[in-house]
Amino acid sequence: MDINKKAKEFANYIKTTDEFKLMNKCKHDLDKNRSIKKQFDLYLNKKNSIYSNNSIQNAPQMINNLNREYKDFFNTPIV
């Protein structure tokens with residue numbers, strides 16, 4: 001069987017799972033809340049910046065610090 005066909009079948013299977021449906025619902029809810037979406041985007045930008053601008057040795061510790069800063073944010077039910 002063609003690998004592209006197998007990949008499409010696999011993707012279609014994933015799209016039917018409850019986890020995928022829940023993820024899409026949560027993403028939609030998050031996108032509707034602009035202030036939380038803005039905070040989430042800020043977190044992602046900071047995380048990407050850390051990985052881009054620091055060595056492999058330093059990045060994990062900096063990511064841990066960032067995650068501690070955002071601990072309350074990530075405990076918000078919508079997030």
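What you see is a predicted model; the values in this text were computed from it and never measured. Only this structure's heavy atoms are used, side chains among them; waters, hydrogens and symmetry mates stay out.
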Restricting to side chain to side chain donor-acceptor pair (under 3.5 Å), what partner residues turn up for [X], sequence neighbours left out?
X: Q61; value: N65
X: T76; value: none
X: S35; value: N33

Does anything in [range] pair up under salt bridge (charged side-chain N to carboxylate O under 4.0 Å, His left out), and if so which pairs, sequence neighbours excluded?
range: residues 67-79; value: none
range: residues 39-58; value: K37-D41
range: residues 16-29; value: K25-D29, K27-D31

- Task: Specify the closest pair of heavy atoms between I14 and T17, including all atoms of both residues, with the distance to one decimal.
- Result: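 That would be O-OG1, 2.8 Å.
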
- Task: Compute whether any side-chain donor of one residue and acceptor of the other, for N53 and S49, lie under 3.5 angstrom apart.
- Result: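 Indeed, the side chains of N53 and S49 share at least one donor-acceptor pair under 3.5 Å.
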
- Check side-chain contact (heavy atoms from CB on, under 4.5 Å) between R34 and all other residues, then give those that pass, not counting sequence neighbours.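 For R34 there are no side-chain contact (heavy atoms from CB on, under 4.5 Å) partners, ignoring immediate neighbours.
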
- Which pairs with one or both residues in residues 5-28 pass ring-ring contact (aromatic ring centres under 6.0 Å, His included), sequence neighbours excluded?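 Sorted result for residues 5-28: empty, none.
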
- Item | Between CD1 on residue I56 and CG on residue N54, distance to nearest 0.5 Å |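 Answer for the CD1-CG pair, I56 versus N54, is 11.0 Å.
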
- Query: With ILVMFWY side chains joined below 4.5 Å, transitively, what does F73's cluster contain besides itself?
  - Reply: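 Grouped by the 4.5 Å side-chain rule, L30, I36, F40, L42, Y43, L44, I50, Y51, M62, I63, L66, Y70, F74, I78, V79 form the rest of the cluster around F73.
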
